[in-house]
Structures are given as structure tokens and as C-alpha cells.
Enquirer: 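Dropping the structure in here first, questions after.
Note that the coordinates shown come from a computational prediction; the quantities given were computed from them, not determined experimentally. Reckoned from all heavy atoms, side chains included, excluding hydrogens, waters and symmetry mates.
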Amino acid sequence: MADSFDAIVIGGGPGGYNAAIRLGQLGLSSACIDKRGSFGGTCLNIGCIPSKALLHASERFHEAQTDFAKLGIKAKVDLDLPAMMAQKTKVVGELTKGVEFLLKKAKSEAIVGEGRITAPGKVEVKTADGKVRNLTAKHIIIATGSDVAPLPGVTLDEKQIVSSTGAIALTAVPKKLVVVGAGVIGLELGSVWKRLGSEVTVVEFLDRVTPGIDLEVSKAFQRVLTKQGFTFLLSTKVTGVEKKAGALKVTVEPAAGGDKQVLDADVLLVAIGRIPYTANLGLAEVGAAMDKRGRVITDNHYRTNVPGIYAIGDCREGPMLAHKAEDEAVAVAEIIAGKAGHVSYGIIPSVVYTSPEVAWVGKTEEELKAEGRAYKVGKFPFTANSRAKINHETEGFAKVLADAVTDEVLGAHLIGPSVSEMIGEYCVAMEFRAASEDVARTCHPHPTRSEALKQAAMGVEGWTMQA
Ligand SMILES: Cc1cc2nc3c(=O)[nH]c(=O)nc-3n(C[C@H](O)[C@H](O)[C@H](O)COP(=O)(O)OP(=O)(O)OC[C@H]3O[C@@H](n4cnc5c(N)ncnc54)[C@H](O)[C@@H]3O)c2cc1C
């Protein structure tokens with residue numbers, strides 16, 4: 001086994017494994033190290049994949065219980081939670097094995113162990129069998145990802161007081177679930193357990209759900225979730241949690257201070273965000289600079305201040321998203337190979353995989369107003385989309401923002417059925433710097449929900465036809 005490579009990648013998540021694969025495709029040798037024991041990182045093991053597996057299964061369960069009757073289908077369904085969890089675990093196993101196969105195909109050595117940078121070009125790995133390997137490479141890519149952000153004063157046990165990791169592995173449906181944080185992860189996992197029968201209360205410090213998204217969408221989203229039975233305590237903070245006779249007493253108070261209130265819960269889910277993970281990596285010892293939030297500082301070629309050391313993914317700045325990590329992985333591998341790697345940071349889409357889904361890319365109306373940029377809005381409701389109507393999925397709308405002078409698409413904000421699969425259309429349009437008219441005059445298949453995207457673009461110049 002060689003101990004010398006063109007590049008060593010520390011971390012086997014979407015950032016790390018994609019960097020190793022792209023390096024292999026470009027003819028460069030690499031090792032990809034991950035301490036978890038299975039490749040794929042947060043995303044495949046405890047993040048995107050298991051959460052979406054449960055969202056899919058719980059949505060089907062809920063549909064069968066409540067929506068089939070609308071279609072003339074009588075069904076009596078029962079929940080088999082162990083089987084639902086088992087299918088999730090199976091798909092995770094298949095995908096993580098798939099990553100190992102792809103690394104092998106790219107001739108990257110997959111090493112299970114903890115990596116630490118001992119000097120530029122040098123990485124010490126404590127392998128799973130307790131041995132130590134000293135590896136060398138011209139380039140080191142840090143792709144160590146992120147970890148759950150802790151809530152001061154609250155200790156996770158991952159059984160009753162859980163992070164997302166515990167929330168995707170509960171062994172019984174909690175009667176009462178309190179979620180701290182109305183961000184993407186809290187609302188997605190809150191939806192899973194709501195559909196399976198929990199009473200869900202979401203406590204959010206700020207005054208809105210999914211802070212940072214287009215305000216009109218955020219308001220519509222909160223309305224829909226409230227209709228589904230979510231209870232929201234906005235502008236509220238959790239100040240403590242106590243275990244009493246097997247149950248939880250969660251103390252909350254107004255964010256600005258005021259009277260306390262105690263909520264009963266069987267499970268508390270802490271979902272207040274994620275923090276970069278760079279512990280025991282040797283960064284301080286080699287002098288790699290970090291910012292105040294613990295992220296590795298890089299230039300726009302992913303180079304740290306230490307020659308030959310790069311960082312990508314959740315451990316550096318930018319949205320903590322798997323596809324952002326993947327695109328940075330490709331870019332850094334290409335830069336190392338002497339090519340021109342590039343990521344369009346203004347065109348990274350985001351999705352909340354609830355029902356309805358929420359998806360967006362580019363600028364929000366609030367951002368455009370703050371920039372003083374003149375823009376036009378085109379909007380189309382799913383109530384007027386024939387496919388959504390057929391499917392009884394008429395909640396939500398598509399909204400397009402375009403420059404008032406040039407008509408360039410500046411942002412798209414969708415709430416509705418399957419919008420996760422549709423936002424890519426606007427990403428492509430924006431990559432090509434399309435005008436809203438380009439989308440409006442592109443033929444879309446009928447009857448599809450994608451027609452709502454075209455109709456919204458038509459709305460920018462006021463010639464929407466079906467609303
Ligand atoms: C519940 C949940 C749902 C999510 N859903 C989505 C989603 O739907 N879409 C989306 O885009 N994103 C989603 N994310 C975010 C996504 O998982 C992350 O953005 C993505 O995994 C980041 O990739 P990464 O490669 O930077 O890091 P990670 O995936 O975190 O991988 C880093 C890896 O490095 C390893 N590591 C760390 N230190 C060392 C070391 N010293 N030596 C060896 N190995 C080390 C870790 O074990 C880990 O496996 C979700 C996250 C969570 C928690």
C-alpha cells in the first residue's frame with residue numbers, strides 16, 4: 001500500500017468523496033479518509049438521505065390515511081415503524097457502499113480512520129484497527145463537514161433529547177414532540193413525526209419560519225404547516241429542559257424576555273443549526289486560519305493560508321448543503337489539476353422537503369429591496385395548474401423575480417407540489433443568464449406542474465393565461 005499520493009482528502013462526505021472521485025478522473029492519485037466507518041458523510045449516513053427516506057415513507061402513510069379517499073380509494077393502513085426504519089437503513093447502506101465502489105473505481109484509497117495534519121503535506125491516520133499510518137501528499141483537502149450546534153444548557157441523550165441524528169432513529173412515535181428551531185431540519189423532521197401521529201410544537205427564536213427565505217413564501221409556508229396541525233411559538237426561546245418521571249418539561253420564554261411557560265414533551269428535538277467540524281485536525285498547529293465561527297478560511301480557489309492545504313464543504317463558508325459541497329469538490333479537484341474550477345455561489349438552490357415542498361434560488365424580494373435594485377414579479381398559484389388540480393395538491397405558488405430593465409431572472413421562489421424537482425429549471429436559466437421571457441416562451445409539457453414555472457415567468461410581463 002503506497003503512503004504517498006497526489007492528494008489526501010480528509011472526510012468522506014459529499015465534499016470529500018466527490019473530490020477524490022474527480023481527482024481520479026483527472027489522473028491524480030488520492031486517499032480519502034473518514035473516521036465514521038462508512039463513507040458518504042453526514043449526508044448519506046445521518047442527513048439528507050435518511051431524512052428524505054423517512055419524509056417519503058411518512059408522506060405515503062399520511063396520504064393513504066387521509067388523501068386516498070379523495071381519489072375513490074378505500075384503505076386501512078397501519079404503521080409498522082420498525083419496517084419503516086429498516087427500509088431507511090437499507091437504502092443508506094446501499095448508497096454508502098455505492099460511494100466505496102465509486103472511490104475504488106476512481107482508484108482512490110478509502111481509509112477508515114481519523115486523519116490529522118501534522119505538517120503541510122503530511123497526514124497521520126489512526127486507523128480503525130488501532131494502527132497509525134503516516135501519509136504524504138502535495139495537496140491536502142479538508143472536507144470534515146459539520147456537527148450539530150449545541151443548545152446551551154441542554155444535553156443531548158439522542159433518545160429523548162435528540163438532535164437530527166436521534167430524530168431519524170426514534171423507536172416509537174412521540175405523543176408530544178417539541179422542536180427547537182423552525183429551520184429546514186426542524187420542519188422536515190417535525191413533519192415526519194407529525195404525519196406519523198405526534199403533536200408537534202415548534203419553538204423559534206426569530207419571528208418567522210425558515211428565516212432567510214423570501215418572506216411571502218415563509219408566511220405561506222407557516223400558514224400551510226399551521227393548517228396541518230403544527231403549533232408555532234415564534235420569537236420564543238427554550239431556556240431549559242428537565243426530565244420528570246420519564247417525560248420532559250421544556251421551559252420557554254419570549255425571546256426578548258418575559259413570563260416563562262412550561263411545555264410537556266415526550267421528545268425534544270434540538271435543530272438550531274450546524275457548526276463546522278474541525279476538531280483534532282491539527283489546524284492550529286499548522287497555522288491554518290479560522291474565522292470567528294470556526295470555519296476554515298480559504299480564498300476563492302479553496303486555498304487556506306498554508307500552501308498545499310485546501311478546504312471545501314460545510315467546514316468553510318457558504319450554505320451547509322450537500323450539493324454546494326459537491327460542486328466545491330469538483331472545483332477544487334480541477335484547480336489542483338491545473339484546470340479552471342468554479343462554483344456559481346449566487347445560483348445554489350435550497351429545498352425544504354416538506355409537503356408542500358419549498359424551493360428557491362437566487363435573490364429574495366427583501367434582498368433586492370435592500371440592494372435598491374428595481375425588479376418585476378411574476379406569480380402563479382398551483383390552484384390554477386391543471387396537474388396540481390388533478391392530484392389535489394393545489395397548495396402554494398411559483399414566484400419569479402426579474403430585473404426591471406434587462407428582464408434577467410434574479411430569483412425563483414416556489415412553494416408547492418414536487419417543487420424540489422422543478423427548481424433546477426430556474427438554476428439552468430440563471431446559469432445562462434436567461435430573461436424571464438426566455439422561460440415564458442419555452443414550451444413546457446401539459447399537464448405538468450412545471451407549467452406553473454412558465455406561467456409565473458409569463459406573469460413578469462403580465463400575460464399569465466390560466467390564473
Ligand atoms: C438531518 C439533515 C438533513 C440534511 N438534508 C439535506 C438535504 O436535503 N440537502 C442538502 O443539500 N443538505 C442536507 N443536509 C446537509 C448536508 O448533509 C451537508 O451539507 C453535507 O453532508 C456536507 O458535506 P461535507 O462533505 O462538507 O461534510 P460531511 O457530510 O459532514 O462529511 C464530513 C465527514 O468527515 C469526517 N471527518 C471529520 N473529521 C475527520 C477526521 N479528522 N478524520 C477523518 N474523517 C473525519 C466525518 O466523519 C464525516 O463523515 C442535511 C443535514 C442534516 C443533518
Enquirer: Would you check if the side chain of Asn134 reaches a backbone N or O of Val123 as a donor-acceptor pair within less than 3.5 Å?
Expert: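 No.
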Enquirer: Using modelled atom types and a 3.5 Å cut-off, is there a donor and acceptor pairing between side-chain atoms of Asp299 and backbone atoms of Tyr302?
Expert: yes
Enquirer: Between Glu408 and Arg433, is there a side-chain N and carboxylate O pair less than 4.0 Å apart?
Expert: yes
Enquirer: Taking the basic N atoms (NZ, or NE/NH1/NH2) and the acidic carboxylate oxygens, is any pair closer than 4.0 Å for Glu328 and Arg316?
Expert: yes
Enquirer: Please check if atom CZ in Phe101 has more than 12 non-hydrogen atoms from other residues, nucleotides or ligands closer than 6.0 Å.
Expert: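 No.
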Enquirer: Is the backbone of Tyr353 close enough, under 3.5 Å, to the side chain of Glu188 for a donor and an acceptor to pair up by distance?
Expert: yes
Enquirer: Do the side chains of Glu124 and Arg116 get close enough for a salt bridge, i.e. N-O under 4.0 angstrom?
Expert: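 Result for this pair is yes, salt bridge flagged.
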Enquirer: One thing to verify: whether Glu367 and Arg373 come together as a salt bridge, which I'm taking to mean a side-chain N less than 4.0 angstrom from a carboxylate O.
Expert: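 Salt bridge flag = no for Glu367 with Arg373.
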Enquirer: Run the salt-bridge test on Glu242 and Lys249 with the 4.0 Å N-O cut-off and return the result as yes or no.
Expert: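 Here Glu242 does not pair with Lys249 in a salt bridge, since their nearest N and O are not under 4.0 Å apart.
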Enquirer: Counting distance only, does the side-chain N/O of Glu334 pair as donor-acceptor with the main-chain N or O of Leu26 below 3.5 Å?
Expert: no
Enquirer: Under 3.5 Å, side chain of Ser29 to main-chain N/O of Phe5, donor-acceptor pair present?
Expert: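 Side chain of Ser29 to backbone of Phe5, a donor-acceptor pair under 3.5 Å: no, none is there.
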Enquirer: Looking only at atom types and distance, does a side-chain atom of Glu59 sit under 3.5 Å from a main-chain N or O of His56, one as donor and one as acceptor?
Expert: no
Enquirer: Do any N or O atoms from the side chain of Ser191 and from the backbone of Leu187 form a donor-acceptor pair under 3.5 angstrom?
Expert: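 Yes; judged by distance alone, with no hydrogens or angles, the pair exists.
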Enquirer: With distance as the sole criterion, is a donor-acceptor pair present between the side chains of Ser163 and Glu158 under 3.5 Å?
Expert: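 The criterion, which ignores hydrogens and geometry beyond distance, is satisfied for Glu158 and Ser163.
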Enquirer: Any donor-acceptor pair under 3.5 Å linking the side chain of Ser198 with the backbone of Val200?
Expert: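 Not confirmed, Ser198 side chain does not pair with Val200 backbone.
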Enquirer: Are any non-hydrogen side-chain atoms of Thr210 and Val358 less than 4.5 angstrom apart?
Expert: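 Sidechains of Val358 and Thr210: no contact.
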Enquirer: Would you indicate whether Lys104, at its atom NZ, is surrounded by more than 12 heavy atoms from other residues, nucleotides or ligands within a distance under 6.0 Å?
Expert: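 Count not over threshold, so no.
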Enquirer: Looking at Asp157 and Lys243, is there a salt bridge between them, counting it only when a charged N and a carboxylate O are closer than 4.0 Å?
Expert: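 A salt bridge is present here (some side-chain N lies under 4.0 Å from a carboxylate O).
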Enquirer: Could you check whether Asp214 and Thr364, counting side-chain N and O atoms only, form a donor-acceptor pair closer than 3.5 Å?
Expert: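 There is no such pair between these side chains.
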Enquirer: If the threshold is 4.0 Å, N to carboxylate O, is there a salt bridge linking Glu94 and Lys97?
Expert: no
Enquirer: For Phe397, is the NZ or CZ atom of Lys379 found under 6.0 angstrom from the centre of its six-membered ring and inside 45 degrees of the ring axis?
Expert: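 Pair Lys379/Phe397 counts as cation-pi.
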Enquirer: Go through the side-chain N and O atoms of Glu357 and Ser420 and say whether any donor and acceptor fall under 3.5 Å apart.
Expert: yes
Enquirer: Does a side-chain heavy-atom distance below 4.5 Å link Thr42 with Arg36?
Expert: yes
Enquirer: Would you say Ser51's side chain and Gly47's backbone share a donor-acceptor pair under 3.5 angstrom?
Expert: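 Checked: pair present.
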Enquirer: So that I can tick it off, tell me whether Arg449 and Glu421 are bridged by a salt bridge, with the cut-off set at under 4.0 angstrom between side-chain N and carboxylate O.
Expert: no
Enquirer: So do the side chains of Val203 and Leu263 get within less than 4.5 Å of each other, counting heavy atoms only?
Expert: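 When only atoms from C-beta onward are counted, Leu263 and Val203 do touch, with a gap below 4.5 Å.
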Enquirer: Below 4.0 angstrom, N of the basic side chain to O of the carboxylate: do Arg293 and Glu317 qualify?
Expert: no
Enquirer: If we only count heavy atoms from C-beta on, is the Thr251 to Val241 side-chain gap below 4.5 Å?
Expert: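 They are not in contact (no side-chain heavy atoms under 4.5 Å apart), so the answer is no.
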Enquirer: Show the numbers, then the answer: is there a side chain to side chain contact (heavy atoms under 4.5 Å, CB included) between Leu268 and Gln160?
Expert: CA-CA 6 Å; Leu268 178 74; Gln160 218 179 353; over 6 Å; no
Enquirer: Flag the pair Arg133 and Glu109 as a salt bridge only when some basic side-chain nitrogen lies within less than 4.0 angstrom of an acidic carboxylate oxygen.
Expert: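 Salt bridge between Arg133 and Glu109, a charged N being under 4.0 Å from a carboxylate O: yes.
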Enquirer: Tell me, do Tyr17 and Leu44 make a side-chain contact under 4.5 Å, heavy atoms counted?
Expert: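 Yes, side chains in contact.
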Enquirer: Is Asp34 reaching over with its side chain to a backbone N or O of Gly12, donor-acceptor style, under 3.5 angstrom?
Expert: yes
